[in-house]
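Quantities reported herein were computed from a predicted structural model and do not represent experimental measurements. Nothing fancy with the numbering, it's 1 onward along the sequence.
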Amino acid sequence: NFNFKVIRDGACGLIGLSKSEVKIIDLPIFQRLRRIHQNGFLSNIFPSATHTRFSHSLGVLFYANLMCNKLKDRAKLKPNEIKVIRISALLHDIGHSPFSHTLENVFKNFLPDTTNLTTSEKLDTIKLTNLRKIERLNLIKNIIKILKDTTKDKKELFGHEIIGSMVIENSPEINEILKTEFGKDYHTCKLKIQKAICGDIDDGIIRGILHSELDADKCDYLNRDSLFSGVKYGFYEFQHILENMDVDLNNREIVFDYKALKSIEYFMFARYFLYNQIYSHKTNLGFNWLAQKSYEALLENDLFINPMEL
């Protein structure tokens, strides 16, 4: 029952939630997202852009659910797969530090370069590296046990995604909720959630919904950031894109009918203009630079905890 509770959202309208999802949302580790602005310092330039990672996470669940409803018959999605997609969408930003991506770009510099390593090599590198603060990071041994030999797109995993995966691995409350929800499939489904959040999952349907160039995350933040910033750059024709969404059963990947080509192109341009005109606004970049330099100085002098230790 995905309508155990219904929330009104300014960007998405009514968002239905299951009982387990409500329990996750009520946890302090999730409630902290209410205090993290979606766009860091952007409200200093666009005063109404005070929306948070909390509301964005609900929005990503909303869009992921719409995609599931569209594809579930064609893709033969099982009930547990739909639950995995929804919970992954809900928890995809659980690992964000204050000011969203602003500080994340700093503490990544305190990690080894892993861009061209396989996922297993990434884990070995962290365990063997005596970087400042990170030598005490025993939690890394308990994070996602990714079974793949290589990372699909050589994506840098050491950001809020892998921290979110660590949160899921080490939160007794989240694990208890997942055990109740998935029963005997708990371990398998939890691993899928962790891998989906990191974009390192084999299933093309789940990856397409949660980690692609047209995923639920981008669908929400383009619309939400435009709405609350008071600009028109990020609006696009989601319903037309959704209507023309389909599944390639041979490769188990999401595809689109040619009729949606212009709407998809518009989506890509909307994202470009939002980055160009809003996120890269000179004043916003200035605030980010000041915060990053301040945080970097604190880390270099052991005066502030590295988020990777949390």
Side-chain angles (χ1 to χ4, degrees), residues 1-40 50-69 79-100 104 139 142-144 160-198 206 209-210 216-217 219-221 223-224 228 307 309-310:
N1 178 14
F2 296 129
N3 285 305
F4 173 78
K5 188 170 186 177
V6 178
I7 293 177
R8 290 181 181 271
D9 177 68
C12 297
L14 300 180
I15 302 176
L17 301 168
S18 71
K19 188 174 183 178
S20 292
E21 290 161 355
V22 171
K23 288 181 179 179
I24 290 173
I25 290 170
D26 286 342
L27 294 176
I29 191 68
F30 193 91
Q31 288 290 316
R32 64 181 280 276
L33 297 179
R34 289 182 183 272
R35 301 187 296 277
I36 300 178
H37 282 184
Q38 170 76 3
N39 299 124
T50 56
H51 54 298
T52 64
R53 290 282 161 182
F54 181 90
S55 59
H56 167 62
S57 297
L58 295 175
V60 176
L61 184 151
F62 173 81
Y63 281 100
N65 186 64
L66 290 177
M67 294 179 186
C68 284
N69 289 340
N80 272 358
E81 288 179 311
I82 294 175
K83 292 177 185 177
V84 163
I85 292 170
R86 286 177 59 95
I87 293 176
S88 299
L90 187 64
L91 291 173
H92 83 285
D93 273 350
I94 195 70
H96 259 295
S97 61
F99 308 110
S100 292
E104 179 181 339
L139 288 179
N142 298 318
I143 65 172
I144 51 175
H160 69 274
E161 296 101 335
I162 206 166
I163 295 177
S165 212
M166 293 164 62
V167 169
I168 294 170
E169 186 68 33
N170 292 279
S171 168
E173 296 85 1
I174 291 178
N175 279 270
E176 195 59 40
I177 293 169
L178 296 181
K179 285 177 184 177
T180 302
E181 184 64 46
F182 294 110
K184 61 182 178 60
D185 296 321
Y186 153 68
H187 289 291
T188 301
C189 291
K190 185 180 80 166
L191 178 59
K192 284 184 177 180
I193 290 169
Q194 292 172 303
K195 292 172 71 174
I197 289 174
C198 288
I206 297 178
I209 292 175
L210 297 172
D217 180 31
C219 285
D220 182 75
Y221 79 64
N223 181 55
R224 188 176 300 276
F228 292 108
E309 273 198 309
L310 297 178

Indicate the atoms forming the closest heavy-atom contact of [X] with [Y], along with that distance.
X      : Y      : answer
Ile163 : Gly95  : CG2-O, 3.7 Å
Ile206 : Ala196 : CG2-CB, 3.9 Å
Ala11  : Asn223 : O-ND2, 3.4 Å
Asp220 : Gly59  : OD1-CA, 3.2 Å
Ser88  : Leu210 : CB-CD1, 3.4 Å
Leu91  : Phe30  : CD2-CD1, 4.2 Å

Measure from the side-chain N and O atoms of [X] to the backbone N and O of [Y], and report whether any donor-acceptor pair falls under 3.5 Å.
X      : Y      : value
Arg53  : Gln38  : yes
Ser165 : Glu161 : no
Asn175 : Ile168 : yes

Side chain to side chain, [X] and [Y], heavy atoms closer than 4.5 Å:
X      : Y     : answer
Thr52  : Ile36 : no
Ser55  : Asp9  : yes
Leu17  : Leu61 : yes
Cys189 : Lys83 : no

Hey, could you give me the [atom1]/[atom2] distance between [X] and [Y], rounded to the nearest 0.5 Å?
X      : Y     : atom1 : atom2 : answer
Ile177 : Leu27 : CD1   : CG    : 4.5 Å
Tyr186 : Asn80 : OH    : CG    : 14.0 Å
Lys19  : Phe2  : NZ    : CZ    : 15.0 Å
Phe4   : Glu21 : CZ    : CD    : 11.0 Å
Met166 : Ile94 : CE    : CD1   : 13.5 Å
Leu178 : Ile24 : CG    : CD1   : 5.5 Å

Heavy-atom count check: over 12 atoms from other residues, nucleotides or ligands less than 6.0 Å from Lys192 NZ?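 Open: at most 12 neighbouring heavy atoms sit under 6.0 Å from NZ of Lys192.
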
Partner of His56 under ring pair (Phe, Tyr, Trp, His ring centres under 6.0 Å), chosen from His51, His37, His92: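 Only one option passes, and that is His92.
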
Determine whether Ile209 and Cys68 satisfy the following criterion, side-chain contact (heavy atoms from CB on, under 4.5 Å), listing intermediate values before the conclusion. CA-CA 8 Å; Ile209 292 175; Cys68 284; 4.2 Å; yes

Between Glu169 and Lys190, does the side-chain contact (heavy atoms from CB on, under 4.5 Å) criterion hold? Intermediate values first, please. CA-CA 8 Å; Glu169 186 68 33; Lys190 185 180 80 166; 3.5 Å; yes

Check the pair Ile25 / Phe54 against side-chain contact (heavy atoms from CB on, under 4.5 Å), numbers first and verdict last. CA-CA 9 Å; Ile25 290 170; Phe54 181 90; 3.8 Å; yes

What's the verdict on side-chain contact (heavy atoms from CB on, under 4.5 Å) for Leu58 and Cys12, showing C-alpha distance, side-chain angles and the deciding distance? CA-CA 9 Å; Leu58 295 175; Cys12 297; over 6 Å; no

Less than 4.0 Å between a side-chain N and a carboxylate O, is that true for Lys23 and Glu173?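 No, Glu173 and Lys23 are not salt-bridged.
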
Could you label the plane-to-plane angle of the His96 and His160 rings as parallel, tilted or perpendicular, counting under 30° as parallel and over 60° as perpendicular?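 His96 and His160: parallel rings.
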
